[in-house]
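Starting from 1, each residue takes its place in the sequence as its number. In each ligand, atom 1 is the first atom listed, and ligand 1 is the first ligand listed. Just so it is clear, the structure is predicted and the values come from calculations on it, not from any experiment.
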Amino acid sequence: MNKIKLGFLASHGGSNMQAIIDACKSGTINAVPVVVISNNSNSMALERARNEGIPAYHISQKKYPEPEDLDNAIIEVLEKYKVDIVILAGYMKKLGSKVINRFKGKILNIHPALLPKYGGEGMYGKFVHEAVIKNKEKESGCTVHIVDEIYDHGRILGQAKVPVFPDDTPEILAERVLEQEHRLYPEVIGKIANGEIVL
Ligand code: GRF
């Protein structure tokens with residue numbers, strides 16, 4: 001069976017991207033990372049890509065102030081490497097409609113909460129965990145979903161839960177969730193690669 005080609009978009013650390021790359025390398029999932037794009041020239045994600053010998057591109061609004069030009073630049077690179085699935089891994093910019101339509105139903109994201117709870121505009125990073133703790137939730141977790149035009153809204157492909165303890169800080173909870181993200185994201189991609197999940 002042909003390996004599915006993964007193209008990543010990441011803004012910062014890229015630890016989820018690394019977990020997926022590692023799963024590809026170990027053969028746990030039948031996929032191959034073919035390109036990494038970041039809007040942040042100093043991102044650890046780009047450094048990780050270079051360390052892994054994966055083509056790395058810096059494509060940002062600074063370089064392409066017109067939204068359509070930015071979308072076209074992203075599409076051009078994803079097409080150049082014949083990407084099958086686009087993996088958002090901590091990509092902090094909203095993807096343009098043109099990119100979403102070109103790869104409709106083939107763009108995945110991971111969100112650090114149990115969607116549909118704690119999603120939507122402004123719900124990212126520590127804001128998610130702060131809200132979960134403030135509402136005294138007993139559990140939280142992470143969600144892999146398909147990206148559409150609405151924030152954190154598309155079809156849910158997988159979730160993992162973690163407990164929330166009364167003395168949790170947002171940082172501690174974020175760490176507990178991130179550990180599960182590193183397990184869940186490769187697992188979902190593996191299921192797509194072996195046909196268990198059909199996009
Ligand atoms: C993760 O918490 C993920 O849920 C969110 O952004 C963060 C990315 O972390 N979408 P990393 O860059 O993969 O380390």
Candidates S11, S15, C142; heavy atom nearest atom 14 (O) of ligand 1 found on S15
Rounded to the nearest 0.5 Å, how far does CG of D152 lie from OG1 of T143?
->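 Rounded to the nearest 0.5 Å, the OG1-CG separation comes out at 8.5 Å.
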Check the surroundings of atom CD in E149: do more than 12 heavy atoms from other residues, nucleotides or ligands lie under 6.0 Å from it?
->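 More than 12 heavy atoms, drawn from other residues, nucleotides or ligands, come within 6.0 Å of this atom.
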For atom 1 (C) of ligand 1, the protein heavy atom that lies nearest, with its residue and separation =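 So the nearest neighbour among protein heavy atoms is E181 OE1, 3.1 Å.
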Does the distance from a Lys or Arg side-chain N to an Asp or Glu carboxylate O, for R48 and E52, drop under 4.0 Å?
-> no
Nearest protein heavy atom to atom 12 (O) of ligand 1, by residue and atom, and its distance?
-> G14 N, 2.8 Å
Ligand 1 atoms nearer than 4.0 angstrom to some heavy atom of G13 are 12 (O)
Which residue supplies the protein heavy atom nearest to atom 10 (N) of ligand 1, what is that atom called, and how far is it?
->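 Result: I110 O, 2.9 Å.
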For atom 7 (C) of ligand 1, what is the nearest protein heavy atom, given as residue, atom name and distance?
->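 Result: G90 CA, 4.2 Å.
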Which residue and non-hydrogen atom of the protein lie closest to atom 13 (O) of ligand 1, and at what distance in Å?
-> N16 N, 2.8 Å
On a heavy-atom basis, the closest approach of P170 and I133 is N-CD1, 3.5 Å
V147 and F103: same hydrophobic cluster, using ILVMFWY side-chain contacts below 4.5 Å?
->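 The answer is yes; both residues are in one hydrophobic cluster.
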R176 (side chain) donor-acceptor with P163 (main chain) under 3.5 angstrom | yes
